[in-house]
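Below, each value reflects all heavy atoms present in this structure, side chains not excepted, and no hydrogens, waters or symmetry copies. A quick note: this is a predicted structure, and the numbers were derived from the prediction, not measured.
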Amino acid sequence: MKKRLERQFIVFTIIIIALVAVYTLYFMHSDGVVTKSVPFGDNGLWMKRGISAHIAPRGGETDTWHKTMEIDGEELKYKGSVYEAHITSNGMGTIDEWNLRVNINSHIFINNAWCGELEIFQKSTGLTQTLDLRNVTVDDVTLKRCTYDSEMLIELEPGDYFIYHPSQSSGETPLTEGQQINIGFIIYSDNPDTLFNFDDCVIEYSVIPEMESMPEYYVIIVLIGLCVLMCAYFMITLLQGMRTNSLYEREKQMVHETMSTFVGFVDAKDPYTAGHSERVAIYTRILAEKLGYHEDDALQAYYCGLLHDAGKISVSELVLNKPGKLDKEEFEAIKNHTVKGYDILKNLGTVKMAATAARSHHERYDGTGYPDGLKGEEIPEIARIICVVDAFDAMNSNRIYRTALQREEIVSQLEIHKGTQFDPKIADAFLQLLSDGIIDRVN
């Protein structure tokens with residue numbers, strides 16, 4: 001019972017650890033850098049759990065204009081527009097860091113941006129430069145650029161990109177939950193009838209999540225709470241089980257000591273069989289385990305073996321120790337120890353099969369045994385087991401009327417009497433124990 005409870009406790013502890021680990025990994029993932037590279041979609045709108053962005057022309061009367069510029073000796077018409085982006089932290093926690101990358105998909109000029117800095121990459125020149133376009137002169141710029149009407153224009157072509165890095169001093173980072181900030185760009189497009197397309201953008205951000213804002217938070221808390229309660233239950237059960245097991249072990253020890261004391265009285269009547277009951281008990285347990293008995297059942301078998309000769313306490317020492325051949329009356333007295341043993345043990349509730357084992361261990365498989373002449377599987381299995389080990393120990397021990405037999409002779413007798421005196425299956429199992437040397441190691 002103790003081992004079973006310990007296994008259950010270990011299993012539920014592992015479950016709790018696994019849940020906490022899953023939650024921790026989830027939390028760490030939410031707290032790490034999460035990169036999104038999906039298109040903004042229609043009208044430059046992009047939303048994801050934790051952050052959203054919307055980029056569009058500002059829409060005022062003075063926020064869009066046309067300008068004809070002479071570039072490389074050619075007059076070209078450009079449409080200038082102010083584009084405004086709204087960045088919002090929406091429901092996952094504080095946006096600790098973020099930036100916005102805009103991939104260029106048409107020929108444009110960028111003139112200004114606020115309030116952060118732009119990291120600009122030009123594929124044609126292979127140059128990258130980070131600039132605050134509100135506070136920069138032409139001489140500061142190493143990128144491909146031009147000036148027109150005192151305005152500096154940085155040229156960008158398909159394959160180029162710029163990254164907006166927010167300004168901490170302007171309150172653009174970090175973003176608390178629900179906070180929205182506005183940033184802007186001035187862009188000139190070489191198509192006077194079309195606005196610049198912001199569909200190909202990437203927001204990169206890291207979050208300091210507020211756990212309570214996560215839908216999974218309360219589910220995981222409930223699961224962990226349930227597991228903690230179950231863990232507490234199994235801990236209490238384990239402690240109770242350990243206490244019960246301790247009491248059980250003490251009671252088992254008392255039962256064993258009481259039985260051993262009683263058997264000591266029986267064995268004391270015949271010095272030539274001293275230790276016989278204990279050896280039979282040990283062999284019985286080993287053979288029962290060999291036959292597939294579980295631990296508790298094998299222990300019961302051990303006690304049946306220990307008490308199998310309990311009825312001999314009623315037999316005279318003169319009969320038990322007689323060196324010569326017994327007469328009919330003496331032999332009947334010996335045979336009667338099986339019935340006497342049954343009468344002594346029949347009310348022993350702690351070892352339920354002990355009385356049956358004492359009565360039937362001299363029954364023979366062919367039906368010629370005593371006291372009831374049972375045959376085959378009419379004989380209780382525990383009695384058939386003890387029949388084999390009792391005969392083995394008798395042959396393997398010195399008796400008043402003969403010395404112990406050699407091992408080869410014992411094996412031969414067990415083989416010869418399979419199916420007559422002994423259950424063949426049980427005899428074969430015991431012979432295998434002898435062959436494997438297990439019984440020798442016990443001795």
Side-chain angles (χ1 to χ4, degrees), residues 21-58 82-105 108 110 112-123 128-134 154 156 159-187 195-220:
V22 168
Y23 181 68
T24 302
L25 289 172
Y26 179 87
F27 182 83
M28 290 175 64
H29 173 73
S30 299
D31 196 23
V33 174
V34 181
T35 303
K36 301 298 178 184
S37 57
V38 296
F40 264 42
D42 296 338
N43 300 319
L45 175 64
W46 184 83
M47 294 187 67
K48 194 69 177 175
R49 181 183 170 196
I51 195 168
S52 64
H54 179 227
I55 304 177
R58 191 156 62 183
V82 177
Y83 294 86
E84 195 165 62
H86 307 288
I87 312 296
T88 307
S89 171
N90 57 6
M92 195 174 180
T94 300
I95 305 296
D96 186 38
E97 296 179 357
W98 65 274
N99 60 61
L100 171 66
R101 170 173 166 154
V102 178
N103 297 311
I104 306 304
N105 49 34
I108 64 168
I110 187 163
N112 205 345
W114 59 89
C115 298
E117 296 182 327
L118 286 191
E119 179 185 346
I120 304 172
F121 169 75
Q122 288 179 330
K123 185 177 180 180
T128 301
Q129 192 172 10
T130 301
L131 303 167
D132 180 354
L133 293 182
R134 298 172 302 163
I154 297 176
L156 296 175
D160 297 345
Y161 65 81
F162 65 81
I163 299 175
Y164 182 86
H165 295 283
S167 168
Q168 187 172 11
S169 61
S170 298
E172 294 178 346
T173 184
L175 294 179
T176 59
E177 185 173 338
Q179 181 184 355
Q180 181 184 88
I181 57 99
N182 301 322
I183 62 177
F185 314 100
I186 295 178
I187 291 176
L195 294 170
F196 178 70
N197 184 344
F198 277 90
D199 284 353
D200 191 5
C201 296
V202 177
I203 284 189
E204 185 175 278
Y205 62 96
S206 61
V207 178
I208 302 176
E210 297 173 6
M211 293 183 293
E212 293 83 353
S213 66
M214 301 179 185
E216 298 89 345
Y217 173 76
Y218 294 103
V219 175
I220 294 173

- Task: Go through the structure and list residues passing side-chain hydrogen bond (donor to acceptor under 3.5 Å, both in side chains) with Asn105, not counting sequence neighbours.
- Result: none
- Message: The criterion is side-chain hydrogen bond (donor to acceptor under 3.5 Å, both in side chains); which residues satisfy it with Thr176, sequence neighbours excluded?
- Response: Gln179
- Message: For the residue pair Asn103 / Arg101, report whether a side-chain donor-acceptor contact shorter than 3.5 Å exists.
- Response: yes
- Distance in Å, Ile183 CD1 paired with Ser170 OG, rounded so as to fall on 0.5 Å steps: 11.5 Å
- Query: CG/Leu133 to CD1/Ile154 distance, rounded to the nearest 0.5 angstrom?
  - Reply: 5.0 Å
- Note on the structure: Nearest heavy-atom approach of Ile203 to Ala53 is CD1-CB, 3.4 Å
- Message: With a 6.0 Å cut-off on the ring centroids, do Phe198 and Phe196 count as close?
- Response: yes
- Query: How many angstroms lie between CD in Glu172 and CG in Asn182, if you round to the nearest 0.5 Å?
  - Reply: 9.0 Å
- Query: Would you say the side chain of His54 lies within less than 4.5 Å of the side chain of Thr88, judging by non-hydrogen atoms?
  - Reply: no
- Query: Rounded to the nearest 0.5 Å, how far does CD1 of Ile187 lie from CD1 of Ile110?
  - Reply: 5.0 Å
Taking distance alone, no hydrogens or angles, what donor-acceptor pairs closer than 3.5 Å link side-chain atoms of residues 112-119 to residues at least two apart or in another chain?
residue : atom : partner : partner atom : Å
Glu119  : OE1  : His165  : NE2          : 2.8

- Distance from Asp96 atom CG to Tyr205 atom OH, nearest 0.5 Å? 13.0 Å
- Message: Can you tell me how far apart CD1 (Ile87) and CD (Gln180) are? Round to the nearest 0.5 Å.
- Response: 8.5 Å
- Task: Check whether the ring centres of Tyr161 and Phe121 lie less than 6.0 Å apart, and answer yes or no.
- Result: yes
